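Computed from a prediction, not measured in an experiment: that's the story for all the values here. Residues take their numbers from the sequence shown, with the count starting at 1.
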Amino acid sequence: MIGWAVFCLILALIAAVLGFGGLAGTFVGIAKILFFVFIVLFAVSLLVNALRGRRPPM
């Protein structure tokens with residue numbers, strides 16, 4: 001999921017350089033949403049593993 005966020009951010013940068021401001025703003029918004037969803041899922045994963053008494057893989 002973090003890969004999709006980075007992909008959208010790169011597309012936003014390319015669109016901004018080419019002058020597509022509205023499209024760049026849309027891609028930045030998508031990248032933000034995906035990034036925060038990734039952070040929430042990561043935190044939930046850590047919490048579930050902590051409650052089960054398992055360590056995350058190294």
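Side-chain contact between Val17 and Leu13: absent, with no pair of heavy atoms (C-beta onward) separated by less than 4.5 Å.
Grouping the Ile, Leu, Val, Met, Phe, Trp and Tyr side chains by contacts below 4.5 angstrom, directly or via other members, places Trp4 apart from Leu9. One hydrophobic cluster, built from ILVMFWY side chains closer than 4.5 Å, holds both Phe7 and Leu18. Neither Phe20 nor Val28 shares a network with the other; the hydrophobic side chains, linked directly or stepwise wherever heavy atoms of I, L, V, M, F, W or Y lie under 4.5 Å apart, form separate groups for each.
We find the CD1-CG distance between Ile39 and Leu34 to be 12.0 Å, quoted to the nearest 0.5 Å. A distance of 11.0 Å separates CG of Leu51 from CG of Leu46, quoted to the nearest 0.5 Å. In this structure, Ile14 CD1 and Leu23 CG are separated by 10.5 Å, a value rounded to the nearest 0.5 Å.
Taking the six-membered ring where tryptophan is involved, the planes of Phe38 and Phe42 are essentially parallel, since the angle between them stays under 30° and well short of 60°.
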